[in-house]
Structures are given as C-alpha cells and as structure tokens.
Amino acid sequence: MHNNLVILAGGASSRMKKEAVLDNLTPEEIAQANERSKGLIGVGASGRPLLDYLLWNTKKAGYKNIYIIIGEQGELFKEFYGSQIKNNDFHGLNISFAVQYIPEGRVKPFGTADALFQAVEQYPELNSQFYSVCNSDNLYSAEALRALRETESPNAFISYDRDAMDFPLERISRFAIAKLDQHNQLLDILEKPSEDVLEEYKDAEGKIRVSMNAFKFNGKTLYTHLKNCPIHPERDEKELPTVLLNSVKENPQTTVGIPFSEHVPDLTAKEDIADVKTYLAKYYPDLNWNSKN
C-alpha cells in the first residue's frame, strides 16, 4: 500500500465561471463560483469547501501525504490548508502544494497530464513511488480511495457503474467509457460513446464503466508517458487518459479497473452547487476528524 495522493486543483474552472441565472444560489455562492477554484467553493456546513470533505475521506482511506496541485493564483488554498509550500499539518494529513504554471503563449493551463507532470517534477520522490490521483471537485468515497491504496495492480482506476450515477441522462451520455477484459484489465477508453457501440463496451457484469479521474499510478513507469504526453487534437490539452492508454499499450495487463457502483458528487458548473449542498447535508452532517472509521 502507498500513502501518497495527488489532488488536481489547478484547472481554469471555465464551465463553473459561465454565467447562469439560478434562484437557488446566494450572491455569495455565485461570487465564489466565479472567483474560486471549484474545490474551494463553500458547499458544506459553515461554508467549508468541498475539498474538506474529500480530505476527510482521504484520511479515512489511510492516506498520509497529500499533494495539492494549484494554479499560479492559488494562494487561497494556503489559507485553508497551510501557509507553507510543503509539509503542512492538516488534521494529521501532511499537505504540500505543487504549482501548475501556464506555459508562455497560453491563457489556460495545459491539462491534467501537464498538471501531474509539473507536480512530479517539483516532488521527484513520487517518480520512485506509487501514488493515487483524483480531482478536487469530485467527492470520492473513502471506500473508493482505499481501494486504490490497497490494490496490488501497478496502475488502476475506479471503474464506476454508469447507471449508478445520479446525474441527468444527457450528462451521463457524454462520459467517456472504459473497455475492460474479463479480468477488468483496461483495454481502451472511448471519449464520445454513441448508443450503437455501448453493447461491446459492457464489462463481465454487463455494466457500462466510466472513469471519474480516480487513479493509482506506478510513478517509475508513468514518468516517461507524462513527459511525452501528446496534445489532445480537439481540446488542445495534455490529458491523463491519454497518458494512461499509452502506458497500457507499452505495459499491457498492468492497469485494472476496480468496479464501484455509487454516485460521485461533482462540482462542474453552478447548477451543481445546490445538489452538492443537499448531498453533503444528508450524508456528511458533521465532519469528525478524529473518527477512525
């Protein structure tokens, strides 16, 4: 088992910042959505950020070393989770920050693979260890995060049952789907699935599986693929699924999809804020940082 978790929090949050007319958000919530990184939007009790809840599940899952990748304007993270660049103590978690710098000539960050590459350049010890990676704007369960820690597979991702996701059907239909063999080894990822191919992408249980960017990686074998990740032709970014597939091509049978059937709350756009608040009020009425369960 490993103790390292890298949290992606340096994105531009473009969809969250899009204008929306909603009568279920306060002016303060709209202002936060426009100004803050998504994981820092106050959706929990007493206005605490979603990232608090992710970190709580992280601690329950047994992680110790947390690396939060922030943007160049990400100083607000330090107000919540520690003022130093490295080794901040947050309820027993050792939190460090990596900065995703925007290359000259670009307006927005260069994608999730670039974020992780910059992080492992700043913390090269990760290149000789195993580590997990996840988004800051999704609330993964402690059980899913623990599964990534405990799997013996060199690389892995949480392979979610698409039908268990509590999102509108139109949104779910846009999720990339994973193709697994009979042993749940990753074969391919299809970005824009159409209805006519779904049948051939069902796993051994007859489920359509999707990734929500919760991974475990072998730092030693992943580094070269991170460094040489090609740019996505449509989105003009370097993306982790591309890195994962290139790794699988070079090292087949090393990336297992761990099956889970549960909802993963997501803060993508302003429309998600009220739903996430309701979810947290129901399932996380009080964070007990001293709980060992």
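These figures come from a predicted structure and were not determined experimentally.
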*Compute whether any side-chain donor of one residue and acceptor of the other, for Q129 and E125, lie under 3.5 angstrom apart.*
no

_Beyond-backbone contact of L50 with L40, side-chain heavy atoms, under 4.5 angstrom_ = no

_Value rounded to 0.5 Å, distance of CG in L126 from NZ in K220_ = 15.0 Å

*Separation of S247 OG from L240 CG (nearest 0.5 Å)*: 11.5 Å

*Got D89 and N94 here, is their nearest side-chain heavy-atom distance under 4.5 Å?*
no

*asked:* Nearest 0.5 Å, please: how far is NZ in K202 from CD1 in I177?
replied: 10.5 Å

*In chain order, what residues pass the side-chain contact (heavy atoms from CB on, under 4.5 Å) check against K277, with sequence neighbours excluded?*
E29, V43, I273

*Would you check if the side chain of R146 reaches a backbone N or O of G62 as a donor-acceptor pair within less than 3.5 Å?*
no

*Do Q253 and D181 touch side chain to side chain, with heavy atoms closer than 4.5 Å?*
yes

*asked:* When you compare the side chain of I68 with that of I66, does any pair of heavy atoms fall below 4.5 Å?
replied: yes

*asked:* Using the ring centroid of each side chain, check whether Y67 and Y123 are separated by less than 6.0 Å.
replied: yes

*Has R15 got more than 12 heavy atoms of other residues, nucleotides or ligands less than 6.0 Å from its CZ?*
no

_Tell me the closest heavy-atom pair linking A113 and C229, and the distance in Å._
CB-SG, 3.9 Å

*asked:* In terms of relative ring orientation, are F117 and Y223 parallel, tilted or perpendicular, with 30° and 60° separating the classes?
replied: tilted

*Counting N and O atoms only, with roles assigned by atom type, does the side chain of T278 sit under 3.5 Å from a partner on the main chain of A274, one being a donor and the other an acceptor?*
yes

*Between CG of L190 and CD of E200, what distance do you get to the nearest 0.5 Å?*
8.5 Å

_Side-chain hydrophobic cluster, 4.5 Å single linkage: members besides I231_ = F110

_Hydrophobic cluster membership, with links at side-chain heavy-atom distances under 4.5 Å among I/L/V/M/F/W/Y: are L93 and M1 in one?_
no

_Contact summary for S141 and E262, nearest pair of heavy atoms_ = OG-OE2, 2.6 Å

*Are L187 and V256 grouped together when hydrophobic residues (ILVMFWY) are joined by side-chain heavy atoms under 4.5 angstrom apart?*
no

*Where is the tightest heavy-atom contact between L148 and H2, given as atom of each residue plus distance?*
O-CE1, 3.3 Å

Let me check something: any side-chain donor-acceptor pairs from residues 72-85 under 3.5 Å, sequence neighbours excluded? List them with distances.
from	atom 1	to	atom 2	distance (Å)
E72	OE2	I102	N	2.7
Y81	OH	D52	N	3.3
Y81	OH	D52	OD1	2.6

Please list every donor-acceptor pair under 3.5 Å in which a side-chain atom of residues 154-168 meets a protein atom from a residue at least two apart or in another chain.
from	atom 1	to	atom 2	distance (Å)
N155	OD1	N218	N	2.9
D161	OD1	D163	N	3.0
D161	OD2	S261	OG	3.4

*Pick out which of N135, D137, D266 makes a side-chain hydrogen bond (donor to acceptor under 3.5 Å, both in side chains) with K38.*
D137

*Between N3 and R149, does any side-chain donor sit less than 3.5 Å from a side-chain acceptor?*
yes

*What do the steps show when you test L8 against C134 for side chain to side chain contact (heavy atoms under 4.5 Å, CB included), and what is the final call?*
CA-CA 6 Å; L8 303 166; C134 70; over 6 Å; no

*asked:* Between F130 and F217, is there a side-chain heavy-atom distance shorter than 4.5 Å?
replied: no

*Say whether, by atom type as modelled, one donor and one acceptor occur between the side chain of D272 and the main chain of A269 under 3.5 angstrom.*
yes

_Y284 side chain to N57 side chain, donor-acceptor N/O pair below 3.5 angstrom_ = yes

*Locate the shortest heavy-atom distance separating G44 from Y53; write the atom from each residue and the value.*
CA-OH, 3.1 Å

*Transitively linked via ILVMFWY side-chain contacts under 4.5 Å: I69 with V99?*
yes

*Interatomic spacing from NZ in K270 to CD in Q32 - rounded to 0.5 Å*: 12.0 Å

_Please tell me whether T255 and Q185 have a donor and an acceptor in their side chains that are separated by less than 3.5 angstrom._
no

*Apply side-chain contact (heavy atoms from CB on, under 4.5 Å) to D188 and list each qualifying residue two or more places apart in sequence or on a separate chain.*
K179, Y201, L245

*Tell me yes or no: between the side chains of D114 and Q118, is some donor less than 3.5 Å from an acceptor?*
yes

*Which pair of non-hydrogen atoms, one from N34 and one from M16, has the smallest distance, and what is that distance?*
OD1-O, 4.3 Å

*Assess whether side chain to side chain contact (heavy atoms under 4.5 Å, CB included) is satisfied between E250 and H225, documenting all intermediate values.*
CA-CA 10 Å; E250 186 170 298; H225 299 291; 3.5 Å; yes

*Quick one: do Y283 and L267 end up in the same hydrophobic cluster if we chain Ile, Leu, Val, Met, Phe, Trp and Tyr together by side-chain heavy atoms under 4.5 Å apart?*
yes

*Any side-chain heavy atom of T224 within less than 4.5 Å of one from T221?*
no

*Transitively linked via ILVMFWY side-chain contacts under 4.5 Å: L54 with I95?*
yes

*Can you tell which of N213, V6, L5 makes a side-chain contact (heavy atoms from CB on, under 4.5 Å) with V133?*
V6

*Using 4.0 Å as the upper bound for N to carboxylate O, is an ion pair formed by D236 and R106?*
yes

_H232: side-chain contact (heavy atoms from CB on, under 4.5 Å) partners, not counting sequence neighbours_ = E191, E234, R235, E239

*Taking the side chain as every heavy atom from C-beta outward, state whether K207 and P259 have any atom pair closer than 4.5 Å.*
no

*Is there a donor-acceptor pair closer than 3.5 Å between any side-chain N or O of S46 and the backbone N or O of R48?*
no

*Distance-minimising heavy-atom pair for S13 and S37*: OG-CA, 4.2 Å

*asked:* With a 4.5 Å cut-off on side-chain heavy atoms, are N246 and P230 touching?
replied: yes

*What distance do L180 atom CG and I258 atom CD1 have between them, rounded to the nearest 0.5 Å?*
11.0 Å

